[in-house]
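Below: the structure, in C-alpha coordinates.
Lettering of chains follows the sequences in order, A, B, ..., and the numbering in each one begins at 1.
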Protein chains: 2
Amino acid sequence: MERRTRQRDAIEAAFSKAARPLAVQEAHKLAAKAVPGLGIATVYRNINALVEEGVLEPVELPGESPRYEASGLAHHHHFRCNACEKVFDVPGCPGAMKALVPRGFRLDSHELVLYGRCAQCA
Amino acid sequence: MERRTRQRDAIEAAFSKAARPLAVQEAHKLAAKAVPGLGIATVYRNINALVEEGVLEPVELPGESPRYEASGLAHHHHFRCNACEKVFDVPGCPGAMKALVPRGFRLDSHELVLYGRCAQCA
DNA sequence: ATAGATGCAAAGAGTTTGCATAGGT
DNA sequence: ACCTATGCAAACTCTTTGCATCTAT
(Lines give C-alpha, C1' and ligand atoms only; values in the text may rest on other atoms or scores of the structure.)
Protein backbone atom coordinates (compact mmCIF):
# COMPACT_ATOMS: atom_id res chain seq x y z
CA MET A 1 0.00 0.00 0.00
CA GLU A 2 1.04 3.57 -0.29
CA ARG A 3 2.95 5.42 2.37
CA ARG A 4 2.62 8.98 3.52
CA THR A 5 5.97 10.59 2.89
CA ARG A 6 6.96 14.22 3.15
CA GLN A 7 7.67 14.18 -0.57
CA ARG A 8 4.31 12.82 -1.55
CA ASP A 9 2.48 15.22 0.74
CA ALA A 10 4.39 18.16 -0.66
CA ILE A 11 3.61 17.12 -4.24
CA GLU A 12 -0.09 16.67 -3.56
CA ALA A 13 -0.18 19.95 -1.71
CA ALA A 14 1.38 21.74 -4.65
CA PHE A 15 -1.46 20.65 -6.91
CA SER A 16 -4.13 21.49 -4.33
CA LYS A 17 -2.81 24.95 -3.70
CA ALA A 18 -2.19 25.78 -7.34
CA ALA A 19 -5.77 25.04 -8.43
CA ARG A 20 -4.59 25.02 -12.04
CA PRO A 21 -2.74 22.54 -14.22
CA LEU A 22 0.93 22.22 -13.23
CA ALA A 23 3.82 20.98 -15.31
CA VAL A 24 6.19 18.48 -13.71
CA GLN A 25 8.88 21.13 -13.35
CA GLU A 26 6.39 23.53 -11.72
CA ALA A 27 5.26 20.87 -9.27
CA HIS A 28 8.88 20.03 -8.51
CA LYS A 29 9.74 23.65 -7.84
CA LEU A 30 6.74 24.19 -5.60
CA ALA A 31 7.14 20.96 -3.67
CA ALA A 32 10.87 21.49 -3.25
CA LYS A 33 10.10 24.54 -1.10
CA ALA A 34 8.72 22.16 1.51
CA VAL A 35 11.20 19.36 0.86
CA PRO A 36 14.61 20.65 -0.19
CA GLY A 37 16.60 18.14 -2.20
CA LEU A 38 13.45 16.62 -3.65
CA GLY A 39 14.47 14.57 -6.67
CA ILE A 40 12.79 15.10 -10.01
CA ALA A 41 12.41 11.33 -10.45
CA THR A 42 10.32 11.25 -7.28
CA VAL A 43 8.05 13.91 -8.70
CA TYR A 44 7.60 11.93 -11.90
CA ARG A 45 6.90 8.74 -9.96
CA ASN A 46 4.38 10.34 -7.66
CA ILE A 47 2.57 12.17 -10.42
CA ASN A 48 2.33 8.97 -12.44
CA ALA A 49 1.08 7.14 -9.37
CA LEU A 50 -1.53 9.83 -8.71
CA VAL A 51 -2.70 9.54 -12.30
CA GLU A 52 -2.95 5.75 -11.89
CA GLU A 53 -4.97 6.24 -8.73
CA GLY A 54 -7.29 8.62 -10.56
CA VAL A 55 -6.42 11.59 -8.36
CA LEU A 56 -4.78 13.59 -11.13
CA GLU A 57 -5.43 13.82 -14.85
CA PRO A 58 -2.96 14.82 -17.54
CA VAL A 59 -3.62 18.06 -19.39
CA GLU A 60 -1.85 17.96 -22.73
CA LEU A 61 -1.40 21.12 -24.78
CA PRO A 62 -0.08 21.18 -28.33
CA GLY A 63 3.70 21.08 -28.48
CA GLU A 64 4.21 21.13 -24.73
CA SER A 65 5.04 18.64 -22.07
CA PRO A 66 2.02 17.50 -20.09
CA ARG A 67 0.59 19.32 -17.14
CA TYR A 68 -1.60 17.70 -14.48
CA GLU A 69 -4.70 18.73 -12.56
CA ALA A 70 -7.26 17.24 -10.20
CA SER A 71 -9.40 14.68 -11.97
CA GLY A 72 -13.17 14.53 -12.13
CA LEU A 73 -13.76 18.15 -13.03
CA ALA A 74 -16.74 18.99 -15.23
CA HIS A 75 -16.20 19.33 -18.98
CA HIS A 76 -13.96 22.32 -19.50
CA HIS A 77 -11.14 23.61 -21.64
CA HIS A 78 -7.88 25.45 -21.07
CA PHE A 79 -6.45 28.89 -21.54
CA ARG A 80 -2.71 29.33 -21.90
CA CYS A 81 -1.13 32.69 -21.23
CA ASN A 82 1.44 33.46 -23.92
CA ALA A 83 3.34 35.66 -21.49
CA CYS A 84 3.68 33.70 -18.24
CA GLU A 85 2.91 30.32 -19.85
CA LYS A 86 0.56 29.36 -17.06
CA VAL A 87 -2.51 27.33 -17.97
CA PHE A 88 -5.95 28.03 -16.53
CA ASP A 89 -9.20 26.12 -16.58
CA VAL A 90 -12.03 27.61 -18.60
CA PRO A 91 -15.55 26.37 -17.90
CA GLY A 92 -17.98 25.96 -20.78
CA CYS A 93 -17.68 24.93 -24.38
CA PRO A 94 -18.69 26.49 -27.68
CA GLY A 95 -20.43 23.29 -28.77
CA ALA A 96 -21.49 22.80 -32.39
CA MET A 97 -18.53 20.52 -33.04
CA LYS A 98 -20.50 17.95 -34.99
CA ALA A 99 -21.15 20.39 -37.81
CA LEU A 100 -17.44 20.43 -38.59
CA VAL A 101 -16.93 16.70 -38.90
CA PRO A 102 -16.51 15.38 -42.46
CA ARG A 103 -19.10 12.97 -43.81
CA GLY A 104 -18.45 9.41 -42.71
CA PHE A 105 -16.31 10.41 -39.76
CA ARG A 106 -17.42 9.67 -36.20
CA LEU A 107 -16.78 12.28 -33.52
CA ASP A 108 -15.93 11.00 -30.05
CA SER A 109 -14.38 13.93 -28.21
CA HIS A 110 -12.60 17.22 -28.66
CA GLU A 111 -10.00 19.45 -27.10
CA LEU A 112 -10.00 23.23 -27.24
CA VAL A 113 -7.13 25.47 -26.16
CA LEU A 114 -7.39 29.24 -25.98
CA TYR A 115 -4.28 31.39 -26.19
CA GLY A 116 -3.76 34.98 -25.09
CA ARG A 117 -2.92 36.94 -21.97
CA CYS A 118 -4.13 36.18 -18.49
CA ALA A 119 -5.51 38.91 -16.27
CA GLN A 120 -2.13 39.50 -14.63
CA CYS A 121 -0.21 39.74 -17.90
CA ALA A 122 -2.77 41.57 -20.06
CA MET B 1 21.28 28.70 -51.86
CA GLU B 2 19.33 25.53 -51.75
CA ARG B 3 19.99 22.59 -54.01
CA ARG B 4 17.55 20.24 -55.62
CA THR B 5 18.40 16.82 -54.32
CA ARG B 6 16.54 13.56 -54.76
CA GLN B 7 15.99 13.49 -51.02
CA ARG B 8 14.49 16.95 -50.81
CA ASP B 9 12.25 16.32 -53.80
CA ALA B 10 11.01 13.08 -52.31
CA ILE B 11 10.25 14.74 -49.00
CA GLU B 12 8.36 17.63 -50.60
CA ALA B 13 6.49 15.17 -52.80
CA ALA B 14 5.41 13.16 -49.77
CA PHE B 15 3.71 16.21 -48.27
CA SER B 16 2.11 17.22 -51.56
CA LYS B 17 0.68 13.80 -52.23
CA ALA B 18 -0.50 13.20 -48.69
CA ALA B 19 -2.59 16.39 -48.53
CA ARG B 20 -2.82 16.00 -44.77
CA PRO B 21 -0.47 16.67 -41.87
CA LEU B 22 2.39 14.17 -41.76
CA ALA B 23 4.58 13.22 -38.84
CA VAL B 24 8.33 13.07 -39.40
CA GLN B 25 8.27 9.28 -39.34
CA GLU B 26 5.41 9.20 -41.85
CA ALA B 27 7.24 11.55 -44.19
CA HIS B 28 10.38 9.47 -43.82
CA LYS B 29 8.55 6.27 -44.66
CA LEU B 30 6.85 7.78 -47.69
CA ALA B 31 9.95 9.52 -49.03
CA ALA B 32 12.10 6.43 -48.49
CA LYS B 33 10.02 4.64 -51.11
CA ALA B 34 11.53 6.98 -53.70
CA VAL B 35 14.95 7.22 -52.06
CA PRO B 36 15.93 4.00 -50.29
CA GLY B 37 18.44 4.55 -47.52
CA LEU B 38 17.11 8.01 -46.82
CA GLY B 39 18.38 9.05 -43.40
CA ILE B 40 16.00 10.26 -40.73
CA ALA B 41 18.31 13.19 -39.97
CA THR B 42 17.91 14.38 -43.53
CA VAL B 43 14.15 14.33 -43.14
CA TYR B 44 14.40 16.39 -39.96
CA ARG B 45 16.76 18.85 -41.61
CA ASN B 46 14.61 19.28 -44.69
CA ILE B 47 11.38 19.64 -42.78
CA ASN B 48 12.96 22.26 -40.55
CA ALA B 49 14.28 24.07 -43.61
CA LEU B 50 10.87 23.98 -45.27
CA VAL B 51 9.32 25.44 -42.14
CA GLU B 52 11.96 28.19 -42.14
CA GLU B 53 11.17 28.93 -45.77
CA GLY B 54 7.48 29.12 -44.96
CA VAL B 55 6.56 26.18 -47.17
CA LEU B 56 5.42 23.96 -44.31
CA GLU B 57 3.79 24.71 -40.98
CA PRO B 58 3.94 22.60 -37.85
CA VAL B 59 0.69 21.04 -36.66
CA GLU B 60 0.97 20.27 -32.97
CA LEU B 61 -1.55 18.01 -31.29
CA PRO B 62 -1.77 17.48 -27.54
CA GLY B 63 0.69 14.91 -26.31
CA GLU B 64 2.07 14.02 -29.72
CA SER B 65 5.12 14.82 -31.72
CA PRO B 66 4.54 17.51 -34.33
CA ARG B 67 3.15 16.90 -37.79
CA TYR B 68 3.63 19.26 -40.73
CA GLU B 69 1.43 20.49 -43.55
CA ALA B 70 1.49 23.07 -46.35
CA SER B 71 1.40 26.58 -44.95
CA GLY B 72 -0.99 29.36 -45.83
CA LEU B 73 -4.17 27.34 -45.61
CA ALA B 74 -7.33 29.10 -44.49
CA HIS B 75 -8.30 28.95 -40.80
CA HIS B 76 -9.10 25.34 -40.04
CA HIS B 77 -8.78 22.72 -37.36
CA HIS B 78 -7.78 19.07 -37.19
CA PHE B 79 -9.39 15.71 -36.75
CA ARG B 80 -7.36 12.81 -35.39
CA CYS B 81 -8.50 9.27 -35.97
CA ASN B 82 -8.11 7.28 -32.77
CA ALA B 83 -7.71 4.08 -34.78
CA CYS B 84 -5.20 4.81 -37.55
CA GLU B 85 -3.80 7.92 -35.85
CA LYS B 86 -3.88 9.90 -39.05
CA VAL B 87 -4.71 13.59 -38.83
CA PHE B 88 -7.04 15.35 -41.26
CA ASP B 89 -7.82 18.98 -41.91
CA VAL B 90 -11.29 20.16 -40.99
CA PRO B 91 -12.51 23.41 -42.52
CA GLY B 92 -14.64 25.75 -40.45
CA CYS B 93 -14.77 26.70 -36.82
CA PRO B 94 -17.47 26.72 -34.16
CA GLY B 95 -16.68 30.33 -33.25
CA ALA B 96 -18.05 31.85 -30.04
CA MET B 97 -14.72 31.47 -28.29
CA LYS B 98 -14.79 34.89 -26.70
CA ALA B 99 -17.73 33.97 -24.51
CA LEU B 100 -15.55 31.44 -22.68
CA VAL B 101 -12.70 33.76 -21.78
CA PRO B 102 -12.53 34.80 -18.12
CA ARG B 103 -12.92 38.47 -17.28
CA GLY B 104 -9.70 40.39 -17.72
CA PHE B 105 -8.14 37.83 -20.03
CA ARG B 106 -7.33 38.70 -23.63
CA LEU B 107 -7.96 36.10 -26.31
CA ASP B 108 -5.51 35.99 -29.21
CA SER B 109 -6.02 32.61 -30.87
CA HIS B 110 -7.29 29.10 -30.35
CA GLU B 111 -6.70 25.50 -31.36
CA LEU B 112 -9.38 22.87 -31.68
CA VAL B 113 -8.76 19.17 -32.14
CA LEU B 114 -11.51 16.67 -32.84
CA TYR B 115 -11.05 12.99 -32.00
CA GLY B 116 -12.91 9.96 -33.32
CA ARG B 117 -12.83 7.61 -36.27
CA CYS B 118 -12.10 8.57 -39.85
CA ALA B 119 -14.28 7.33 -42.69
CA GLN B 120 -12.02 4.35 -43.34
CA CYS B 121 -11.87 3.25 -39.71
CA ALA B 122 -15.44 4.04 -38.60
C1' DA C 1 36.04 22.68 -58.44
C1' DT C 2 33.34 24.43 -54.89
C1' DA C 3 30.25 24.44 -51.24
C1' DG C 4 25.87 22.85 -49.65
C1' DA C 5 23.47 18.28 -48.60
C1' DT C 6 23.64 13.58 -46.96
C1' DG C 7 24.36 9.54 -43.81
C1' DC C 8 26.20 7.90 -39.86
C1' DA C 9 27.11 8.14 -35.23
C1' DA C 10 27.56 10.84 -31.19
C1' DA C 11 25.48 14.48 -28.39
C1' DG C 12 21.40 16.70 -26.10
C1' DA C 13 16.95 17.11 -23.66
C1' DG C 14 13.20 15.08 -21.15
C1' DT C 15 11.38 10.97 -18.94
C1' DT C 16 11.84 6.33 -17.01
C1' DT C 17 14.14 2.60 -14.60
C1' DG C 18 17.62 -0.11 -11.60
C1' DC C 19 19.68 -0.27 -7.33
C1' DA C 20 21.38 0.67 -2.72
C1' DT C 21 19.71 3.18 1.16
C1' DA C 22 16.60 6.02 4.00
C1' DG C 23 12.46 6.04 6.43
C1' DG C 24 7.17 4.76 7.16
C1' DT C 25 4.49 1.55 9.44
C1' DA D 1 12.12 -5.52 11.29
C1' DC D 2 10.01 -5.19 6.97
C1' DC D 3 9.44 -3.33 2.73
C1' DT D 4 8.01 0.77 0.13
C1' DA D 5 9.68 5.33 -1.46
C1' DT D 6 13.60 8.07 -2.36
C1' DG D 7 17.80 9.88 -4.71
C1' DC D 8 21.28 9.14 -7.79
C1' DA D 9 22.84 7.69 -12.10
C1' DA D 10 22.32 4.94 -16.11
C1' DA D 11 19.04 3.75 -19.78
C1' DC D 12 15.72 5.20 -23.34
C1' DT D 13 13.51 7.83 -26.95
C1' DC D 14 13.26 11.52 -29.96
C1' DT D 15 15.60 15.29 -32.15
C1' DT D 16 19.77 17.84 -33.27
C1' DT D 17 24.65 18.31 -34.40
C1' DG D 18 29.57 17.19 -35.98
C1' DC D 19 32.12 15.34 -39.49
C1' DA D 20 33.75 12.95 -43.55
C1' DT D 21 31.92 12.11 -47.96
C1' DC D 22 28.93 12.79 -51.80
C1' DT D 23 26.87 15.51 -55.37
C1' DA D 24 24.37 19.49 -57.56
C1' DT D 25 25.76 23.50 -59.71
Protein-nucleotide distance ([X], atom [atom1]; [N], atom [atom2]), rounded to Å:
X     : N      : atom1 : atom2 : answer
B:I11 : C:dT6  : CD1   : P     : 7 Å
A:E26 : C:dT15 : CD    : P     : 12 Å
A:R3  : D:dC2  : CZ    : C1'   : 8 Å
A:N46 : C:dT16 : CG    : C1'   : 14 Å
A:I40 : D:dA10 : CD1   : P     : 18 Å
A:I47 : C:dT15 : CD1   : P     : 10 Å
A:E52 : D:dT4  : CD    : P     : 17 Å
B:R6  : D:dT25 : CZ    : C1'   : 16 Å

Q | B:E53 atom CD, over 12 foreign heavy atoms within 6.0 Å | A | yes
(Q) Under 4.0 Å, counting only non-hydrogen atoms across every strand here, what does A:R4 touch: a base, just sugar-phosphate, or nothing? (A) sugar-phosphate
(Q) So A:Q25, base contact, sugar-phosphate only, or nothing? Heavy-atom distance under 4.0 Å. (A) sugar-phosphate
(Q) Do B:L61 and B:L22 land in one hydrophobic cluster if side-chain heavy atoms of ILVMFWY residues count as linked below 4.5 Å? (A) no
Q | hydrophobic_cluster_shared for B:V87 and B:L114, side chain cutoff 4.5 Å | A | no
Q: Report yes if a donor N or O on one partner sits less than 3.5 Å from an acceptor N or O on the other, where the partners are the side chain of A:R45 and the base of D:dG7; otherwise report no.
A: yes
Distance below 4.0 Å between [X] side-chain N/O and [N] OP1 or OP2:
X     : N      : result
B:N48 : D:dT16 : yes
B:T5  : C:dT6  : yes
A:T42 : D:dG7  : yes

**Q.** Gap between atom CG of B:L50 and atom CZ of B:F15 - 0.5 Å precision
**A.** 7.5 Å
Q | B:R20 CZ to B:Y68 OH distance, which is reported to the nearest 0.5 Å | A | 15.5 Å
Q) Between B:Q7 and A:S65, which has a closest nucleotide on DNA chain C that is more 5'? A) B:Q7
Q.
Using heavy-atom distances to pick each residue's nearest nucleotide on DNA chain D, tell me which of A:A41 and B:V24 is more 5'.
A. A:A41
